[in-house]
Student: 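What follows is a single structure, and I will ask about it in a moment.
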There are 2 protein chains.
Amino acid sequence: MSVTNTDVSSQADAALGPCGDDDCGIREVLDRLGDRWSVLVVVELSKGVRRFRELERAVPGISQRMLTLTTKRLCRDGLVERTAYPTIPPQTDYRLTSMGRTFADVIQHLADWSRDHKDALVDARARWDADHGDTTGPS
Amino acid sequence: MSVTNTDVSSQADAALGPCGDDDCGIREVLDRLGDRWSVLVVVELSKGVRRFRELERAVPGISQRMLTLTTKRLCRDGLVERTAYPTIPPQTDYRLTSMGRTFADVIQHLADWSRDHKDALVDARARWDADHGDTTGPS
DNA sequence: CCGGATCCAAATCGATACTG
DNA sequence: CAGTATCGATTTGGATCCGG
């Protein structure tokens, strides 16, 4: 039982295989974008250094567990740097690395696209749900 | 029992809440980036019109089920357009919409970043795994 | 304050079989 | 060929308790 769900290095190691020519190292990045919290944490850290508790408050809805896992994953990927001060009570600072900052730029690019197309997306969704008999939608 | 796992509109409808100012419509985009196949399908479709079977072959490892779900989600989001010809045997064409093409551009941007930082990321990962007692890693 | 450990509910995915 | 339905395995995330 050396591997539990609290481990960090249990996903996205291999399991992609040859995919052509467009996506070779993207899988790992996508895995980081895919989970609910990494992006939000990076966005918050792009504003400056944050402590654990600060991050927790800045990202409403995240649990301590997920924040721990998320920061750890980001550290492992070299996107975030962690500095722990063994004081009482303990204090831990998180900050983006230089690579993390470029990653934040990519996210910003993504956010821009989202803003530009959010309406169209919601609209398309509504139209699709209307055309098809949809019993699973809202209300 | 009107909702099964084959339905398309059962995730990412609400459940985000106010998050500040950086991520308001991003969640939906991220959900599409997050799943294993959407990106690959979009990349393939960015090369031209594809039929169902063609997509299945172009994306090795995808199951019919996941391809159906993925294309359906992309259609719902207005990123992909579907044209079905009721012939025998049936034929269905998938193509990117104009919005889908801009989305493909974003993905390309992402892919560029991945390529540029893949080595650094792998390296950081290795270093992290070495520093910490890691029993879950490769070999 | 920071974060690890355990338990548990839910979403997701893959394999398979079946229909038009 | 294109798509649906069902099932089981895996993964993921949240709640909670505990320790440094």
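In this text the structure is predicted, and so the values were computed from the model without any measurement. In the text below, chain A, chain B and the rest are named by the order of the sequence lines, each starting its count at 1.
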Student: Rounded to whole Å, please give me the gap between CG in A:D93 and C1' in C:dC2.
Tutor: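 One finds 12 Å between C1' of C:dC2 and CG of A:D93, rounded.
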Student: Roughly, in whole Å, what's the span from CG in A:L40 to P in D:dG13?
Tutor: 12 Å
Student: Looking only at the side chains, is there a donor atom on one of B:H117 and B:W113 sitting less than 3.5 Å from an acceptor on the other?
Tutor: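 B:H117 vs B:W113: donor-acceptor pair found between side chains.
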Student: If you check the B:R53 side chain, which of D:dA2, C:dC13, C:dG4 turns out closest?
Tutor: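 Shortest atom-to-atom distance from the side chain points to D:dA2.
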Student: Considering residues at least two apart in sequence or located in another chain, which fulfil the salt bridge (charged side-chain N to carboxylate O under 4.0 Å, His left out) criterion with A:D116?
Tutor: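 Per chain and number, A:D116 pairs via salt bridge (charged side-chain N to carboxylate O under 4.0 Å, His left out) with no residue.
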Student: With sequence neighbours excluded, what pairs up with B:A124 under the side chain to side chain contact (heavy atoms under 4.5 Å, CB included) test?
Tutor: B:R127
Student: Starting from C1' on D:dT4, measure out to CG on B:L69 and report it in whole angstrom.
Tutor: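 Distance check: B:L69 CG to D:dT4 C1' gives 10 Å.
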Student: In this structure, how many angstroms lie between the C1' atom of D:dG13 and the CG atom of A:D35, rounded?
Tutor: 10 Å
Student: Under 3.5 Å, which donor-acceptor pairs link side chains of residues 51-60 of chain A to any protein atom two or more places apart or in another chain?
Tutor:
| unit_1 | atom_1 | unit_2 | atom_2 | d |
| --- | --- | --- | --- | --- |
| A:R53 | NH1 | A:E56 | OE1 | 2.9 |
| A:E54 | OE1 | A:R51 | N | 2.7 |

Student: If the condition is side chain to side chain contact (heavy atoms under 4.5 Å, CB included), which residues does A:A84 pass it with, not counting sequence neighbours?
Tutor: A:R82, A:T92
Student: What integer distance in Å separates B:I62:CD1 from C:dT12:P?
Tutor: 15 Å
Student: Just checking B:T68: base, sugar-phosphate only, or nothing, at a heavy-atom cut-off of under 4.0 Å?
Tutor: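 Base contact - B:T68 has a heavy atom under 4.0 Å of at least one base atom.
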Student: Tell me whether the OP1 or OP2 atom of C:dC2 has a side-chain N or O from A:R51 closer than 4.0 Å.
Tutor: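 For C:dC2, OP1/OP2 do have a side-chain N/O of A:R51 under 4.0 Å.
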Student: What is the distance, to the nearest angstrom, from the CZ atom on A:R57 to the C1' atom on C:dC1?
Tutor: 10 Å
Student: Counting primed atoms plus P, OP1 and OP2 as sugar-phosphate and everything else as base, spell out the protein contacts along nucleotides 15-20 of chain C at 4.0 Å heavy-atom distance: B, S or - for each nucleotide, 5' to 3'.
Tutor: B-B--B
Student: Do the charged groups of B:D31 and B:R73 touch, with an N to O distance under 4.0 Å?
Tutor: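 Looking at B:D31 and B:R73, the cut-off is not met.
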Student: Quick one: A:M66 CE to C:dC7 C1', roughly how many Å, whole number?
Tutor: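 Going from CE in A:M66 over to C1' in C:dC7 covers 16 Å.
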Student: What is the nucleic acid contact for B:Y85, judged by heavy atoms within less than 4.0 Å: base, sugar-phosphate only, or nothing?
Tutor: nothing
Student: In this structure, how many angstroms lie between the C1' atom of C:dC2 and the CG atom of A:L67, rounded?
Tutor: 10 Å
Student: Considering only residues two or more places apart or on different chains, which pairs with a residue in residues 91-114 of chain B satisfy salt bridge (charged side-chain N to carboxylate O under 4.0 Å, His left out)?
Tutor: B:D112-B:R115
